[in-house]
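Data first, discussion second: the structure below is written as structure tokens.
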Amino acid sequence: MKLYLVSLGVGVLVGIIYGGLGVRSPAPPAIALLGLLGMLIGEQVVPPVKRLLAGEPVNLVWFHRECVPKITGLPGPVAQADKAESKTAPPKA
């Protein structure tokens, strides 16, 4: 239930921002898609900040492996390596 309330609250906040910018809602497809892309990118700000606060390094290799697949929807290098390994590995008993 909490997730639904958070989602509703964020939706209201985005609606207020859209209203302040003069964008009609529902937004035209191109604007809506760019908004969704912005949400995906914004969502990926959290993991690097958490790593920095934990004193762990944030580098391009880590970002490419952890964040880029979530933004683009494409499998990352880890998923591709796992997939290749499962094709070549003998079945587990």
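Heavy-atom basis, side chains included; hydrogens, waters and symmetry copies ignored.
- V10 and M39 are assigned to two separate hydrophobic clusters, defined by single-linkage of ILVMFWY side chains at heavy-atom distances under 4.5 Å.
- More than 12 heavy atoms of other residues, nucleotides or ligands shown are found within 6.0 angstrom of CG on L5.
- S7 places no side-chain N or O within 3.5 Å of a backbone atom of L3 that could act as its donor or acceptor partner.
- With contacts defined as side-chain heavy-atom distances shorter than 4.5 Å, the pair V58/P48 qualifies.
- With hydrogens and angles disregarded, a donor-acceptor distance shorter than 3.5 Å links the side chain of R51 to the backbone of P57.
- Cluster annotation: F63 and L52 are assigned to the same hydrophobic cluster (Ile/Leu/Val/Met/Phe/Trp/Tyr, side-chain heavy-atom contacts under 4.5 Å, transitive).
- No continuous path of hydrophobic side-chain contacts links L13 to L8 [ILVMFWY only; heavy atoms under 4.5 Å].
- Contact annotation: the side chain of L37 approaches that of I41 to within less than 4.5 Å [non-hydrogen atoms, C-beta and beyond].
- Contact record, Y18 with I31: OH-O, 4.1 Å, taken as the closest heavy-atom pair.
- Note: the hydrophobic cluster containing V14 does not contain V46 (ILVMFWY, side chain heavy atoms under 4.5 Å, direct or indirect links).
- The shortest distance between side-chain heavy atoms of P47 and E66 does not fall below 4.5 Å.
- Looking at L40 and L36, their side chains never come closer than 4.5 Å, going by heavy atoms from C-beta outward.
- A 4.5 Å side-chain heavy-atom check between K70 and Q44 finds at least one atom pair inside the cut-off.
- Distance check: R65 CZ to N59 CG gives 8.0 Å after rounding to the nearest 0.5 Å.
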